[in-house]
A.B. asks: 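My questions all concern the structure below.
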Protein chains: 2
Amino acid sequence: MTIIEIKPLVRKLGAFVALSAKELSVLDTMHQRRRTFVAGRDLVHQGQTEQAAYVLISGWACSYKLLANGERQIVDFQIPGDFLGLRSVLLHISDHSIAPVTDIEVTEVNLPDLLGAFDRTPRLAIAVLWAASRDEAMVVEHLVGIGRRDAAERMAHFLLELGSRLALVGLGSKAGFGCPLTQYLLADALGLSSVHVNRVLRQLREKGLLRFRDGHVTFDNYGKLTEFADFDPTYLDQVGPILA
Amino acid sequence: MTIIEIKPLVRKLGAFVALSAKELSVLDTMHQRRRTFVAGRDLVHQGQTEQAAYVLISGWACSYKLLANGERQIVDFQIPGDFLGLRSVLLHISDHSIAPVTDIEVTEVNLPDLLGAFDRTPRLAIAVLWAASRDEAMVVEHLVGIGRRDAAERMAHFLLELGSRLALVGLGSKAGFGCPLTQYLLADALGLSSVHVNRVLRQLREKGLLRFRDGHVTFDNYGKLTEFADFDPTYLDQVGPILA
DNA sequence: CGCCTAGTTGAGGTAAGTCAATTCACGTGG
DNA sequence: CCACGTGAATTGACTTACCTCAACTAGGCG
């Protein structure tokens with residue numbers, strides 16, 4: 001049961017560190033408590049001192065920051081297998097908020113459990129460090145997109161990246177993926193207005209590159225799209241465990 | 001000797017995890033090899049498979065990504081005490097380049113040493129994970145700035161953050177700091193053109209908020225500046241070791 | 001002296017924002 | 001069953017923040 005559900009996390013960490021039976025069982029006991037959250041109500045508030053992180057089992061979430069002027073910047077979306085609020089527990093305070101995009105299921109990981117697991121099985125710490133690095137690489141790519149790509153390239157690149165991440169956990173392919181995001185959410189993630197998001201999506205559709213419609217993203221011409229967006233899929237690929 | 005030089009790193013890690021004598025000595029033996037690099041020539045190239053990371057002892061560096069169209073986005077600047085290329089070794093390939101801004105001094109940390117140190121002293125792994133999280137928090141703040149702040153706020157916020165980071169290692173204060181960056185580098189970091197950077201700096205100067213001149217940033221009115229930039233200095237502060 | 005790099009300023013163009021109106025799908029209650 | 005409200009998507013007209021191109025100044029150095 002539990003084994004099946006935490007698979008996405010195990011698969012992710014296992015890609016970096018070949019996990020022993022003991023490590024797998026530590027990982028397993030680490031998150032037992034099961035919780036659900038409904039769409040829209042924050043899991044974590046900016047400024048809150050946090051003692052628990054979560055692993056996302058099903059559904060989508062997003063992490064974001066609010067500015068004084070009321071604007072919102074979405075930093076990243078989380079999909080099944082991703083950590084929620086890992087940085088919050090480590091820094092002991094949350095510098096951002098996390099909200100479910102859909103109804104979600106999570107398992108809870110508290111700080112003592114996490115640190116205890118690290119002490120008993122150091123390789124697990126390395127695996128988590130690796131996972132955190134990978135998340136950071138994604139944020140960096142997002143930063144580059146916002147800083148130096150125009151709206152259309154940014155959108156294309158963003159959806160391609162999301163597609164790749166989903167494909168890694170079996171939820172998408174080069175043909176497309178199910179996508180619960182609204183154009184408003186996309187706007188807040190890409191640093192655009194929702195009006196402009198709509199126009200850009202139309203452009204991409206009219207060029208025959210992709211369609212965004214009824215909760216589904218369809219890549220109509222994956223090759224041309226990656227070229228248009230200057231998308232390099234290799235940076236997400238992990239060839240194999242580097243720690244045998 | 002060596003003790004004095006690695007102080008910034010020790011101070012940083014020590015803020016999170018109270019390090020024992022043994023851990024300090026492991027940390028010390030971890031980076032012996034000393035190297036220098038001259039301004040402008042890359043330490044790490046995008047796409048390179050990397051086996052070594054560095055700790056910056058003196059000088060400034062920057063990490064950046066190049067796009068297909070030739071534009072550059074600087075992701076972050078590194079100052080003394082920061083890691084260079086930590087993510088590159090962990091992911092086993094570099095997704096970005098690193099260049100010295102000034103001539104720099106570094107000590108080298110290779111992957112086997114690092115992983116060995118983690119195995120022997122797990123708490124060190126946690127400390128490094130914490131440091132990586134802190135770096136990520138900074139990248140996130142940068143992302144938010146580029147996505148949702150206008151050029152002047154973005155510039156003000158960025159310089160305030162840099163000032164805070166420098167203050168943590170004794171290289172700056174609320175009065176200002178020495179700053180080897182050119183307006184071109186600022187432009188590539190903030191996602192602006194160098195022309196616009198110049199205009200924005202003039203605005204801020206004429207408002208009596210700050211001056212950027214002759215390699216020095218002067219905060220003329222720190223209070224008004226933090227308000228203008230919506231800058232929250234607390235997110236960088238670490239109250240004390242959370243792991244006794 | 002002359003070149004090179006960093007900085008400064010002006011004029012005009014453009015990508016993206018704002019405001020506003022309209023449609024559509026949907027739930028919900030009278 | 002229909003009237004109504006609400007939230008998402010769509011499109012048009014106008015505004016604006018920032019860009020590009022271009023000219024010019026000032027310092028450092030062979």
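Order of the sequence lines sets the chain letters (A, B, ...), proteins ahead of strands, with each chain counted from 1.
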A.B. asks: Strictly below 4.0 Å, N to O, side chains only: are A/Arg148 and B/Asp188 in salt-bridge contact?
C.D. replies: yes
A.B. asks: Can you check each nucleotide of nucleotides 12-25 of chain D against protein heavy atoms at under 4.0 Å and return B for base, S for sugar-phosphate only, - for none, in 5' to 3' order?
C.D. replies: BB----BSBB----
A.B. asks: Classify every nucleotide of nucleotides 22-28 of chain C by which part a protein heavy atom approaches to under 4.0 Å, writing B for the base, S for the sugar-phosphate alone and - for neither, in 5'-to-3' order.
C.D. replies: -------
A.B. asks: Side-chain N or O of B/Asn198 versus OP1/OP2 of C/dT8: is the shortest distance under 4.0 Å?
C.D. replies: yes
A.B. asks: With a cut-off of 6.0 Å (strictly less than), are more than 12 heavy atoms of other residues, nucleotides or ligands near CD of A/Glu71?
C.D. replies: yes
A.B. asks: Is it true that, when you exclude B/Gln48 itself, more than 12 heavy atoms of the residues, nucleotides or ligands shown sit nearer than 6.0 Å to its CD?
C.D. replies: yes
A.B. asks: Between A/His157 and A/Phe228, is the ring centre distance below 6.0 Å?
C.D. replies: no
A.B. asks: Can you tell me if the side-chain N/O atoms of B/Gln183 get under 4.0 Å from OP1 or OP2 in C/dT8?
C.D. replies: yes
A.B. asks: Check whether B/Lys65 reaches the backbone of B/Arg72 with its side chain - one donor and one acceptor, N or O, closer than 3.5 Å.
C.D. replies: no
A.B. asks: Could you name each residue pair satisfying side-chain hydrogen bond (donor to acceptor under 3.5 Å, both in side chains) that touches residues 73-86 of chain B, not counting sequence neighbours?
C.D. replies: B/Lys12-B/Asp82, B/Ser63-B/Gln78, B/Asp76-B/Arg165, B/Asp82-B/Arg165
A.B. asks: CZ of B/Arg205 versus C1' of C/dG7: gap in Å, rounded?
C.D. replies: 10 Å
A.B. asks: Below 4.5 Å, heavy atoms only, C-beta onward: do A/Leu225 and A/Phe231 meet side chain to side chain?
C.D. replies: no
A.B. asks: Taking CG from A/Leu190 and C1' from C/dA15, how many angstroms apart are they, rounded to a whole number?
C.D. replies: 15 Å
A.B. asks: What is the distance, rounded to the nearest whole Å, between atom CZ of A/Phe212 and atom C1' of D/dA9?
C.D. replies: 10 Å
A.B. asks: Any side-chain heavy atom of B/Arg34 sitting closer than 4.5 Å to one from B/Glu105?
C.D. replies: yes
A.B. asks: Which whole-number value in Å describes the distance from A/Arg213 CZ to D/dA9 C1'?
C.D. replies: 9 Å
A.B. asks: Please tell me if the side chains of A/Val55 and A/Phe83 come closer than 4.5 Å, counting only heavy atoms from C-beta onward.
C.D. replies: yes
A.B. asks: Nearest whole angstrom, please: distance from the P of D/dA9 to the CG of A/Leu186.
C.D. replies: 8 Å
A.B. asks: Nearest whole angstrom, please: distance from the P of D/dT10 to the OH of A/Tyr184.
C.D. replies: 11 Å
